[in-house]
Amino acid sequence: MSESKAEAGKAGQPAPAMKKESTLNLKFLSHGTLESKDLDFTRRFYEEFMGFEVIRPAKISLWIRLGGNNIYAVVQVIEGRKGEMPFLNHNGVDVETEDDVDEAHRLVVRDAEKWRLHKISKPAVQHGTYSFYFWDCDDNAWEILANPPGGYSWMFERGDQEGLGHMSRKFERPESTKRRTKTEG
């Protein structure tokens, strides 16, 4: 047993998986793609409501990012060709605390009509974090969740899980994502 596995066993957590040699020599997960029905409206939504950095590198696309160098390309689709993004294909955007999730939820509900937001869920503890979901004007699914700096890197540090893993309601999540009382700061 390696030292890291022994240490992880003492803490009750499995050790992170060792990086295996891959077939491809890839360096950086750089981007994903979203679809838009109306790039002008979508751009205003991303900038004014979501707070994303946005550029328009071509007539038919936007590039967006927030808090790092990974980008999403947002591509104009032919009218009538855009379907609703399935729930499991959602896009996650992190905030620091449960209170921040609740405030984001309040603002999403408040501004739903203006920005054509729909299918807004209630905040809840799920899959290892506190979050809620909504769909935007382009039928793209979003999750706003409490995560420490670095997003889900804390999960990679824990390594492989057994049983329900992070899907269990009893899953121990980072303290920094839990609601703090006024006396705790």
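The model shown is predicted, which means the values in this text are computed figures rather than measured ones.
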- Return the minimal non-hydrogen interatomic distance between D139 and E84, and the atom names on each side. CB-CA, 3.5 Å

- Query: Minimum heavy-atom separation for C137 to W115, with atom names?
  - Reply: CB-O, 3.6 Å

- Task: Could you label the plane-to-plane angle of the F134 and F49 rings as parallel, tilted or perpendicular, counting under 30° as parallel and over 60° as perpendicular?
- Result: perpendicular

- Hey, does the side chain of Q76 reach the backbone of K37 with a donor-acceptor pair shorter than 3.5 angstrom? yes

- Message: Is the shortest side-chain heavy-atom distance between D40 and R44 below 4.5 Å?
- Response: yes

- For the side chain of S61 and the backbone of A73, is there at least one donor-acceptor N/O pair under 3.5 Å apart? no

- Item | Enclosure of N89 CG (heavy-atom neighbours >12, cutoff 6.0 Å) | yes

- Message: Hydrophobic clustering (ILVMFWY, side-chain heavy atoms < 4.5 Å, transitive) - are L66 and V95 grouped together?
- Response: yes

- Message: Using the rule that Ile, Leu, Val, Met, Phe, Trp and Tyr join whenever any side-chain heavy atoms are under 4.5 Å apart, tell me whether V74 and F41 fall into a single cluster.
- Response: yes

- Any chain of hydrophobic side-chain contacts (each under 4.5 Å) joining V93 to I120? yes

- Message: Hydrophobic clusters here meaning ILVMFWY residues chained together by side-chain heavy-atom distances under 4.5 Å, can you tell me if I71 and L39 are in one?
- Response: no

- Message: With heavy-atom distances below 4.5 Å as the criterion, would you say the side chains of Y72 and T33 are in contact?
- Response: no

- Query: Cationic tip of R116 within the cone over F45's six-membered ring, i.e. under 6.0 Å and within 45° of the normal?
  - Reply: no

- Message: Using side chain to side chain contact (heavy atoms under 4.5 Å, CB included), reason through Y133 and H90 one step at a time and then give a plain yes or no.
- Response: CA-CA 8 Å; Y133 297 88; H90 66 272; 3.7 Å; yes

- Without swapping roles, check the side chain of R106 against the backbone of V109 for a donor-acceptor pair under 3.5 Å. no

- Cut-off 3.5 Å, side chains only: do Y130 and E98 have a donor facing an acceptor? no

- Nearest heavy-atom neighbours spanning E35 and N140: O-ND2, 3.0 Å

- Note on the structure: Of all heavy-atom pairs linking H118 and D136, the shortest is CE1-O, 3.1 Å

- Just by modelled atom types, is the A146 backbone N or O under 3.5 Å from a matching donor or acceptor in the T129 side chain? yes

- Query: With distance as the sole test, does D100 use its side chain to make a donor-acceptor pair with the main-chain N or O of T97 at under 3.5 Å?
  - Reply: yes

- Item | same_hphob_cluster(W63, W142) at 4.5 Å side-chain heavy-atom cutoff | no

- Item | Where Q126 and S131 come nearest, the two heavy atoms and their spacing | NE2-OG, 2.9 Å

- Message: Nearest 0.5 Å, please: how far is CG in N69 from NE2 in H31?
- Response: 14.0 Å

- Query: Do the non-hydrogen side-chain atoms of N91 and L34 ever get within less than 4.5 Å of each other?
  - Reply: yes

- Query: How far does CD of E143 sit from OG of S121, to the nearest 0.5 angstrom?
  - Reply: 8.5 Å

- Message: Please report the interatomic distance CD1(I55) to CG(L62), rounded to the nearest 0.5 Å.
- Response: 9.0 Å

- Message: Minimum heavy-atom separation for I144 and V108, please, with both atom names.
- Response: CD1-CG2, 4.5 Å

